[in-house]
**Student:** 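Got a structure for you, written out below as structure tokens; questions coming shortly.
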Amino acid sequence: MRRSLKYILSSILVLAAVLGLSGCSSNKKESAKDSVPTILMYQIGDKPKNYDTLMANANKILEKKVHANLKIQYIGWGDYAQKMAVIVSSGENYDIAKADNYVVNAQKGAYADLTKLLPKYASSAYKDLDEAYIKGNKVNGKLYAFPVNGNVFAQQTLALNAKYLKKIGMNADDVKSYADLEPILAKFKEDDPKKVPFATGNMFRVAGNFDYILSSELPFAVDYSEGADGKTIINPYDSESMKSNLKVIRSYYKKGYIDKDAATNKTGYPLTTDNWLVRQETQGSLGVGNQALSEAAGKEMVSKSITTPAKTNTQAQMCDFVINNASKHKITSLKVLGEINSNPKLLNGLVYGVEGESWKKVGNDRIELLKGYKDGYHMSAWNTGNADIVYNTKDVTDEMLEQKRVDTENAIQSPALGFQFDSSNVKTEITNVAAVMNKYIADINTGTVDPDKTIPKLDKELKSAGYDKVLKEMQKQYDSFLQK
């Protein structure tokens with residue numbers, strides 16, 4: 001009896017131990033699962049309507065490949081710059097963000113140094129980058145950006161809705177400048193006065209052959225037009241070419257071709273809407289002619305170039321992702337970006353939507369868009385990932401792809417490509433200059449005010465803000481850059 005009791009007690013203890021070990025094992029598994037970090041990314045634009053589905057599919061891949069999940073927090077187009085400035089200055093916790101004011105924030109130490117980390121932890125995506133991306137993003141010899149491989153060269157174009165062109169019986173064959181739009185805009189307004197001839201908004205900027213040193217929001221640029229020396233930094237608003245274009249835009253505003261509230265309109269006119277005739281678009285190697293633009297718009301588009309195709313700092317920094325220098329997950333964040341930019345299944349599931357619903361593969365390197373492919377149910381390609389692994393639609397021909405290669409080879413290189421201004425000696429002045437530009441820039445570019453009267457006022461306030469001091473320091477550094 002005692003032996004039986006002893007046996008039973010022993011069995012209970014063994015069973016308890018086994019259960020305890022089993023529980024321990026279970027806890028360890030749960031702990032391991034719970035330890036998968038969630039990487040927070042700030043992104044510009046509007047949140048997709050099927051965001052949860054897109055991210056669930058993406059995170060299945062990311063969790064398997066890099067042991068991480070990604071959460072994207074969207075900030076609207078008109079609010080991104082202001083909100084990211086607050087986020088960076090306040091030291092708010094995040095991991096990845098689409099860079100804003102890249103050079104200045106990199107110099108402040110806000111972003112992690114990726115010079116050695118990017119080639120190591122995202123080697124496949126790094127190898128796909130044109131040298132212009134690396135050259136155009138190095139700050140004091142270091143790389144703080146993960147550039148999206150998209151339009152390595154670009155030009156500004158005027159993109160017109162083909163349906164409305166046909167409706168008014170006109171074409172855009174002779175359009176090479178803003179001024180050339182006049183007869184088309186006039187006819188469209190007469191034919192359909194309820195729609196907007198020229199779609200703009202408070203972020204619209206008049207185009208020119210300028211490579212902006214800090215950003216298009218600040219009046220420091222190098223002119224890379226044919227015949228320009230490319231050695232002098234100028235205020236583009238004082239150039240004859242810019243003044244001429246601004247006068248044209250002003251005349252369009254007065255004639256009602258541009259909305260009266262354009263300077264305060266933060267949403268602009270979405271590409272997919274049918275309430276406008278023409279808008280300005282940045283197009284380059286990613287475009288494959290008008291194919292990508294027409295797909296994104298959901299309608300046939302006709303685009304005409306108004307600037308010279310060029311590789312510039314502006315283009316190299318068009319979509320940079322950066323990693324917060326205070327992030328606790330720097331390497332993991334870099335691996336996430338690396339996977340997005342090297343895994344076709346992952347990236348195409350984001351930029352085209354759910355496979356089988358929005359698109360299906362046709363052959364090895366082409367896809368067909370399905371009825372489920374619609375606006376608001378996928379992410380945009382230009383600010384998501386590597387264009388070289390985004391599938392082309394079946395309408396893209398081999399000849400188009402060959403032309404893309406040739407155009408990329410023939411694009412000119414801005415003389416300022418690779419020059420990054422060290423603003424440490426003139427931070428206060430730059431802040432003051434930015435405040436002045438913020439006061440005038442939307443009104444001037446949308447034609448809301450007369451440039452002949454407003455630019456002298458702008459120049460006077462810029463001078464008081466310390467513009468000349470910044471320009472002198474910038475030119476000194478640029479001269480040194482050119483000598484090297």
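Counting from 1, the numbers follow the sequence of the chain as shown.
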**Student:** Go through it in stages, so that I can follow the logic: the residues are Asp450 and Arg250, the test is salt bridge (charged side-chain N to carboxylate O under 4.0 Å, His left out), and I'd like the CA-CA distance, side-chain angles, deciding distance and then a yes or no.
**Tutor:** CA-CA 6 Å; Asp450 184 344; Arg250 171 62 175 169; 5.2 Å; no

**Student:** Output yes when Glu368 and Lys361 qualify as a salt bridge under the 4.0 Å nitrogen-oxygen rule, no when they do not.
**Tutor:** no

**Student:** Apply the test salt bridge (charged side-chain N to carboxylate O under 4.0 Å, His left out) to residues Asp192 and Lys187: give CA-CA distance (whole Å), side-chain angles for both, the deciding distance (0.1 Å), then the verdict.
**Tutor:** CA-CA 9 Å; Asp192 197 342; Lys187 184 69 170 70; over 6 Å; no

**Student:** Roughly how far apart are Thr332 OG1 and Asp95 CG, rounded to 0.5 Å?
**Tutor:** 8.5 Å

**Student:** Evaluate the criterion side chain to side chain donor-acceptor pair (under 3.5 Å) for residue pair Gln155 and Ser305; output intermediate values, then yes/no.
**Tutor:** CA-CA 7 Å; Gln155 56 197 328; Ser305 174; 2.8 Å; yes

**Student:** Going by heavy atoms in the side chains, are Leu370 and Glu357 under 4.5 Å from each other?
**Tutor:** no

**Student:** For atom CD of Gln82, is the number of surrounding heavy atoms from other residues, nucleotides or ligands below 6.0 Å larger than 12?
**Tutor:** no

**Student:** Can you tell me how far the OH atom of Tyr224 sits from the OG atom of Ser414, to the nearest 0.5 Å?
**Tutor:** 7.5 Å

**Student:** Look at Lys98 together with Asp320 and state whether they make a salt bridge at an N to O cut-off of under 4.0 Å.
**Tutor:** no

**Student:** Testing Trp77, Phe198, Tyr253, Tyr252 for ring pair (Phe, Tyr, Trp, His ring centres under 6.0 Å) with Phe204, which one passes?
**Tutor:** Phe198

**Student:** Look at the side chain of Thr454 and the backbone N and O of Pro451, then say whether any donor-acceptor pair between them is shorter than 3.5 Å.
**Tutor:** no

**Student:** Could you tell me the separation between the CG atom of Asp223 and the OG atom of Ser241, rounded to the nearest 0.5 Å?
**Tutor:** 6.0 Å

**Student:** If you measure from the Lys or Arg side-chain nitrogens to the Asp or Glu carboxylate oxygens, is any gap between Lys335 and Glu339 under 4.0 Å?
**Tutor:** no

**Student:** Examine distances only and state if a side-chain atom of Thr38 and a backbone atom of Asn69 form a donor-acceptor pair shorter than 3.5 Å.
**Tutor:** no

**Student:** Could you check if a side-chain atom of Glu300 sits within less than 4.5 angstrom of a side-chain atom of Lys166, using non-hydrogen atoms only?
**Tutor:** yes

**Student:** What I'd like to find out is whether the side chain of Phe321 reaches to under 4.5 Å of the side chain of Val148, using heavy atoms alone.
**Tutor:** yes

**Student:** Are any of the side-chain nitrogens in Arg205 or Glu217 under 4.0 Å away from the carboxylate oxygens of its partner?
**Tutor:** yes

**Student:** Look at Lys404 together with Glu402 and state whether they make a salt bridge at an N to O cut-off of under 4.0 Å.
**Tutor:** no

**Student:** CG/Asn57 to NZ/Lys345 distance, rounded to the nearest 0.5 angstrom?
**Tutor:** 8.0 Å

**Student:** Inspect the contact between Lys299 and Asp274 and indicate whether a charged nitrogen and a carboxylate oxygen are less than 4.0 angstrom apart.
**Tutor:** yes

**Student:** So which heavy atom on Trp276 is nearest to which on Tyr269, and how close?
**Tutor:** CD1-CB, 3.8 Å

**Student:** So Tyr178 and Ile306, do their side chains get closer than 4.5 Å, heavy atoms only?
**Tutor:** yes

**Student:** Centre-to-centre under 6.0 Å for Tyr164 and Phe188, is that the case here?
**Tutor:** yes

**Student:** Any side-chain heavy-atom pair from Val88 and Tyr94 closer than 4.5 angstrom?
**Tutor:** yes

**Student:** Looking at Tyr74 and Pro48, would you say the former's side chain and the latter's main chain have a donor-acceptor pair under 3.5 Å?
**Tutor:** no

**Student:** More than 12 heavy atoms of other residues, nucleotides or ligands under 6.0 Å from NZ of Lys243: is that the case?
**Tutor:** yes

**Student:** Report the C-alpha separation of Asp100 and Tyr80 in whole Å, then their side-chain angles, then the decisive distance to 0.1 Å, and conclude whether the side chain to side chain donor-acceptor pair (under 3.5 Å) test is met.
**Tutor:** CA-CA 8 Å; Asp100 185 75; Tyr80 195 81; over 6 Å; no

**Student:** Take Asp407 and Gln403, measure what side chain to side chain donor-acceptor pair (under 3.5 Å) needs, and give me the verdict at the end.
**Tutor:** CA-CA 6 Å; Asp407 289 344; Gln403 187 62 50; 2.8 Å; yes

**Student:** Are the side chains of Leu369 and Ser358 in contact, using a 4.5 Å heavy-atom criterion?
**Tutor:** no

**Student:** Over 60° means perpendicular and under 30° means parallel, so classify the ring planes of Tyr478 and Phe481, tilted if in between.
**Tutor:** parallel

**Student:** Between Arg366 and Asp398, does at least one N-O distance fall below 4.0 Å, as a salt bridge requires?
**Tutor:** yes

